[in-house]
Amino acid sequence: MDILIPILTLSALGLIFGLGLAYASKIFYIKIDPKVDKLLGVLPGANCGVCGFAGCQALAEALAEGRAFAEACVPGGETVHGKVAGILGVKAKPRIKTIATLICAGGRRAKDIYEYKGPKDCVVANAYHGGPKACSFGCTGFGSCVAVCPFGAMKMDDNMLPVVDSKLCTACGKCITICPKNILELRPVKNHIWVACNSTDKGGVVTKVCGHGCIGCAKCVSACKFDAIHVVDNLAKIDYDKCTNCRQCALVCPTKAIKTDYK
Amino acid sequence: MDVSKLVMIIISAVFVNNFILSRFLGLCPFIGVSKETKPAFSMGVAVTFVMTSASVITWIVYRYILQPNNITYLRTVSFILVIAVFVQLVEMVVRKTNPALFRALGIYLPLITTNCAVMGVALLNNEMFFEAGHPLAGSFILSLVQGLAAGAGFTLAILLMSGIRERFELMDMPEAMKGLPVTFITASLMSLAFLGFAGFKL
């Protein structure tokens, strides 16, 4: 019988406090959008923060208020996007799968302007007058992107340039963030052709410092039948929406600065 | 009970035995919410409220429910219950009255429940003001004052810390020391400084 006293006492305490809280929650009731609870039920609930909000709760609130897009939850994938869009009454856009791509072809072939003996790290090297490469736009070649890749999708090739494994790359954007030269970009996987140069120097300068970059000759522009490539600031740019992967631009490029991932 | 005893308890809880800097209780919000002065102060007020009300209610629960039924061994469980209820209450009030503050405090607001400083003050009241199962003279008032003073000490420490950390933001700090490392070093230096109060003769 002795065991009953503590059980009853604690239960009574719990009951009193519980009723008190129930009453308090009535007094301090705040209206919240019923969508928030529904959205919260649909979201993965991992609170990973990839969406840029503090957690799934914050994202659900942002979605309900229209501050976030239905596709904001990346780990959720298309099933979650569809459900979220259903609750919000919009249509989810299919996510365009992208892959990190290096837009430089220089590497070892690009000339150095000084001998760099510091730590083998792009960010450190770039603190010294933009790194040892003569081309101020090109890849420094120490592989900070390779080191930061959480999926092991990047490695350095013989030419001191990072290559991306299209099977492993998840387009998380970590390499893009760390690259001090901003020469990594996300390319839709359906597009197999890209301009592997970021230099807006004049053609003569590019030839002198590298010889493998875009010289702005605009041969590709006239070769393209789909109006998908244009030269802006001495640099050819491909409009990924218009490009049909016909490869005419890559064939006419005199410096082979337009690359394809066809084997 | 005389006034000098109250003053002694206040000075002891705020300075000499400061809950954060001398007893090392409640370090989680001390590091977590001390980035800016405003949320830090609000956190201090919230913790002070929970400490004070928990001190009062736990005294009542202990004196009039646990002791007569001879079940004082349920002290920890029932105290946690009291604390959790008050934290829930604070959460509701803050959420209703100040949504911006609610967001600024974030996870640290419900975490007051597991803030050992709150539990610490409840247990300490119990140890200090009950002798051989009997409450000392005026132990209710003493508990209340100790809860209030412990909260004030918590607020003082977190305010000092947030003031220092706000200045760190503007300083040219070595990359490796930014953020938590320098905060921990600061916390230990502050703790050393508060150790100076241990020389007080009370």
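Only a predicted model underlies this, so the values are computations on that prediction, with no experimental measurement involved. Just so it is clear: chains get the letters A, B, ... in the order the sequence lines come, proteins before strands, and each one is counted from 1.
For V61(B), the part lying under 4.5 angstrom from a heavy atom of chain A is the side chain only. Interface residue T9(A): only side-chain heavy atoms are found under 4.5 Å from chain B.
Under a cut-off of 6.0 angstrom, the local environment of CG in D158(A) is sparse, with at most 12 non-hydrogen atoms contributed by other residues, nucleotides or ligands. Within a 6.0 Å sphere centred on OH of Y73(B), other residues, nucleotides and ligands contribute more than 12 heavy atoms. By the neighbour-count criterion of 12 heavy atoms within 6.0 Å, atom NZ of K111(A) is densely surrounded, having more than that number from other residues, nucleotides or ligands. When the shell of 6.0 Å around CD of E36(B) is examined, it contains 12 or fewer heavy atoms from other residues, nucleotides or ligands. Residue F140(B) qualifies as enclosed at atom CZ: its count of foreign heavy atoms under 6.0 Å is above 12. Within a 6.0 Å radius of NZ in K181(A), other residues, nucleotides and ligands contribute more than 12 heavy atoms. The 12-atom threshold is exceeded at NZ of K120(A), counting heavy atoms of other residues, nucleotides or ligands nearer than 6.0 Å.
The two residues L89(B) and A24(A) come nearest to each other via the heavy atoms CD1-CB, 3.5 Å. Nearest heavy-atom pair, P6(A) versus L74(B), reported as atom, atom and distance to 0.1 Å: CB-CD1, 3.4 Å.
Residue E91(B) holds its CD atom at 12.5 Å from CZ of F28(A), rounded to the nearest 0.5 Å. Atom-to-atom distance recorded for I16(A):CD1 and I65(B):CD1 is 6.5 Å, nearest 0.5 angstrom. If you take NZ on K96(B) and OH on Y29(A), they are separated by 9.5 Å, rounding to the nearest 0.5 Å.
Interface summary for chain A: among T97(B), I71(B), V93(B), V85(B), the most heavy-atom pairs under 4.5 angstrom belong to V85(B).
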* Could you check L21(A) against F86(B) for side chain to side chain contact (heavy atoms under 4.5 Å, CB included), going step by step and ending with a plain yes or no? => CA-CA 9 Å; L21(A) 273 186; F86(B) 274 101; over 6 Å; no
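The shortest side-chain heavy-atom distance between I57(B) and F17(A) falls under the 4.5 Å cut-off.
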